[in-house]
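From a predicted model like this one, the values you see are computed outputs, not experimental measurements. Every number for a ligand or one of its atoms is a count from 1 in the order of the listing.
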Amino acid sequence: MDEILNELLEVRALLKLEQDEDRKQYQLKNAQTTITERKRLGICWYPVNVIKQEVGFGNKVVVELERISGRDQLHMFQAGSSAALFTNGDGGTLNGVVLEVKRNKLRLATSKEDLPDWVEEGYKMGVELTFDEVSYREMEIALMKVMEAEKSRLAQLRDIILGAEPAYFRREKPFTPVPFLNDSQNAAVANIMQAKDVAIIHGPPGTGKTTTLVQAILQTLEAGERRLLVTAPSNTAVDLLTEKLAEQGVNVIRIGNPSRVSEVLLEHTLDSQVMHHRDFRQLKKLRKSAEEYRTMAFQFKRSFGHEEREQRRRMKEESKRMLEQADDIEQYITNDLLDHVEVITCTLVGSANRMIRHLQYDTVFIDEAAQALEPACWIPITRANRVVLAGDHHQLPPTVKSLAAERGGLARTLFEKCIERQPEVAVMLNTQYRMHQHIMGFSNSQFYGSNLIAHDSVESHTLQDIHPAFDPGLIVEFIDTAGCGFNDQTIGEGSSTANPEEADILLKHLVNLLTPYEPGSDPEGENAAPLRIGIISPYRAQINYLKDQVEHQPKLAQLLSRRQLSVGTVDSFQGQERDIIYISMVRSNPEGEIGFLGDIRRMNVAMTRAKKKMVIVGDSATLGQHPFYQEFLTYAERIGAYRSAWELISTDPE
Ligand SMILES: Nc1ncnc2c1ncn2[C@@H]1O[C@H](COP(=O)(O)OP(=O)(O)OP(=O)(O)O)[C@@H](O)[C@H]1O
């Protein structure tokens, strides 16, 4: 027991380090720069005008701001960001959360029921992003709850998930397989239905993890559980699940701000559900009257006499009284909705949102659990009777900014701990629907114990299936630049690395491959989709170079503008797939220095994005000094994927 408490104390200490580092990086970027610089960085708009004020949830004022200078410049504001309105008139600031951003306007939900006087007094104002302390505070609260739990359900879940107590399953419980799921997917759903405490879906690339998770949620509802929480660390994943559940006719409410605007998502936000409630009209009427009183009150400016000030005070009070009443009605509507809902969806931190933080759930589902910080996972678990985790601990771990926290193990997830200490709670999905068997082969042997199988529909598919003009050729190619005299170069004070010559070889190969293909000539049909290509590199400087060069190749530029070609970091491709993937390894030096190519989980993500063709360009002499890449080279030779870059160089007309 003490061991578990010590472990949690350690996690708490690491989280503190991370918070300090995160804040430090934020402050460095923000506070030590001038307003002009902050504007340039896209974290500040200045000056802005208040073009509208209204009353939002909890009687707090929502202001709509419009930027006056720097219009249409790129910026970092997005729904959900913490931001503050500020003035250098009297140095005031007003904290809030961004609700919505539209080109040069944004709506800020402030933390106050009344705007401070400086807003009305004609000072120049700006709005800027602030450091997000809320997430850290919620993680800290959750960790404390977990550590303090005794003889409660939370205490049991903590001990089971962290491996100190066995997990219990009702294996005798009958389960009817879902007809369109494969055997391992059905086994994962059955495992969830029979689990009393915790179950894990381990979903390697392309194995239908989302499909399986959605079916598990439907089955759980069918079995009579009411009110489930479905969460993930990222808004994108939460949005996807919300849409899929809504599609299945589930009564679902999305708490928090969706990351994109879609009809289905908007319809399922709490705000929208409140608006469609039968008692909403009453609420609206009260808010409107309150607004009228406020407007009247503001007609009495400070400079007027005692009588007017008194009037202003009375009207503001009346307005406040009405708003309180409106708030009660809103609370009633919200409770009514949350009492009857089947599934609530939100991010991990969002599960501590004040609208739902008091709720308990029969089952909490956490998707992308292998990418979430442990303390963030505890936030929803403190509200759970049962927990289901889904993810793949062989793909990207969560990002940790503090080197000390990372070294201390903060990137080690709850998913990883649980699957290692309680392997029997997990079922691995073993059939993948993405990669040709040669593309799957290496990752399969390195990470999945060779237990993955390529489904019949993909195991031998080739580019010819997309377009008859393609030569089926090799499915996997390793283009070896060893001996070509290339060298990687450090860019920007050691922060990134590039290898332009390697990039040129890569693009030359791609242009050759695409010779028989005319953009826009893709076969038409119900399931036909245009060819899609991805170029991945772990290094930002290399990506910048590649992007620049792509613009100079007419066909590639055309594909880029048709969104059939994308160039990006490994992280930007997580969860995605392309027909063709090129990977630029960059590292090429006599010291065998491979930098963060040594992060093999990141490389596993890169190597499992391709469906029909994967081309890796790199220097075998440098890469081969690392055992993982040495094995890759052996694999490439075994399947006949090895080629020397000389073949490409010698076909150069120059
Ligand atoms: N049982 C199945 N039969 C046929 N196709 C399936 C099956 N399960 C999943 N698929 C297909 O596999 C693809 C991936 O499914 P899904 O999006 O659920 O996967 P995922 O595991 O969440 O993906 P990722 O690897 O990005 O995490 C989809 O095109 C889906 O239609």
Side-chain angles (χ1 to χ4, degrees), residues 176-190 192 200-219 230-234 236-248 345 365-372 388-398 413 415 419 426-437 439-440 443-444 447-448 451-459 461 465-466 526-529 532 534 536 566 568 570-579 581 601-612 614:
T176 319
V178 185
F180 53 86
L181 293 186
N182 67 41
D183 290 351
S184 66
Q185 291 172 330
N186 269 315
V189 178
I192 291 170
I200 289 183
I201 305 180
H202 177 201
T207 52
K209 176 170 63 69
T210 312
T211 311
T212 310
L213 192 60
V214 168
Q215 287 306 315
I217 295 165
L218 293 175
Q219 295 276 326
V230 174
T231 75
S234 76
T236 336
V238 175
D239 290 347
L240 180 73
L241 286 164
T242 309
E243 284 175 334
K244 299 240 171 201
L245 290 168
E247 245 170 52
Q248 299 288 334
T345 58
F365 292 82
I366 306 182
D367 194 12
E368 289 188 344
Q371 279 181 76
V388 174
L389 305 174
D392 178 12
H393 52 308
H394 299 306
Q395 296 184 57
L396 291 176
T413 59
F415 181 98
I419 202 169
V427 170
M428 184 178 107
L429 308 181
N430 68 2
T431 309
Q432 62 84 15
Y433 298 86
R434 173 182 302 156
M435 298 165 268
H436 183 285
Q437 53 186 329
I439 299 174
M440 170 191 82
S443 164
N444 193 16
F447 297 100
Y448 306 108
N451 290 318
L452 266 186
I453 11 180
H455 186 256
D456 292 348
S457 58
V458 301
E459 71 167 330
H461 64 183
D465 303 334
I466 302 186
E526 208 179 310
N527 294 318
R532 294 185 74 207
I536 305 181
S566 34
V570 181
D571 301 48
S572 74
F573 278 91
Q574 167 116 331
Q576 301 189 37
E577 59 183 23
R578 295 289 186 275
D579 297 302
I581 287 284
R601 283 159 67 167
R602 181 165 266 109
M603 198 40 69
N604 185 37
V605 172
M607 289 176 163
T608 52
R609 301 302 102 195
K611 291 157 80 171
K612 297 170 175 148
M614 172 167 77

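For ligand 1, the atoms sitting less than 4.0 Å from at least one non-hydrogen atom of Asn182 are 1 (N), numbered in the order shown with element in parentheses. Under a 4.0 Å criterion applied to the non-hydrogen atoms of Phe180, ligand 1 contributes the atoms 1 (N), 2 (C). Near Pro205, with a cut-off below 4.0 Å to any heavy atom, the atoms of ligand 1 are 25 (O). When each atom of ligand 1 is checked for a heavy atom of Gly575 under 4.0 Å away, the hits are 26 (O). Each of the atoms 21 (O) of ligand 1 lies under 4.0 Å from some heavy atom of Thr207.
Using bins of under 30°, 30° to 60° and over 60° for the plane-to-plane angle, the ring pair His202/His393 lands in the tilted bin. In this pair, Tyr448 and His394 present their aromatic rings perpendicular. The plane angle is above 60°, beyond the 30 to 60° band.
Of the listed residues (Asp183, Ile201, Thr211), the one carrying the non-hydrogen atom nearest atom 18 (O) of ligand 1 is Thr211.
Among protein heavy atoms, the minimum distance from atom 20 (P) of ligand 1 is reached at Lys209 N, 3.3 Å. Ranking protein heavy atoms by distance to atom 22 (O) of ligand 1, first place goes to Thr210 OG1, 2.5 Å. The closest protein non-hydrogen atom to atom 24 (P) of ligand 1 is Arg434 NH2, 3.8 Å. For atom 2 (C) of ligand 1, the closest non-hydrogen atom on the protein side is Tyr433 OH, 3.2 Å. Counting only heavy atoms of the protein, atom 8 (N) of ligand 1 lies nearest to Gln185 NE2, 3.0 Å. Looking only at heavy atoms of the protein, atom 15 (O) of ligand 1 is closest to Gly208 CA, 3.5 Å. Among protein heavy atoms, the minimum distance from atom 25 (O) of ligand 1 is reached at Gly206 N, 2.7 Å.
Atom 29 (O) of ligand 1 lies below 4.0 Å from none of the non-hydrogen atoms of the protein.
Separation of atoms NE2 (His461) and CD (Gln437) is listed at 10.0 Å; rounding is to 0.5 Å.
Inter-residue side-chain proximity for Leu389 and Ile419 is flagged as unmet; no heavy-atom pair is nearer than 4.5 Å.
No hydrogens or angles considered: a donor-acceptor pair under 3.5 Å links the side chains of Thr242 and Thr345. Judged by distance alone, the side chains of Ser234 and Glu368 do bring a donor and an acceptor atom under 3.5 Å apart.
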field: Derivation and outcome, side-chain contact (heavy atoms from CB on, under 4.5 Å), residues Asp367 and Val230
entry: CA-CA 8 Å; Asp367 194 12; Val230 174; 6.0 Å; no
message: Quick one, Val214 with Leu245, criterion side-chain contact (heavy atoms from CB on, under 4.5 Å). Give me CA distance, side-chain angles, the key distance, then yes/no.
response: CA-CA 7 Å; Val214 168; Leu245 290 168; 4.2 Å; yes
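For Asp183, the CG atom counts as loosely surrounded, since its 6.0 Å shell holds 12 or fewer non-hydrogen atoms of other residues, nucleotides or ligands.
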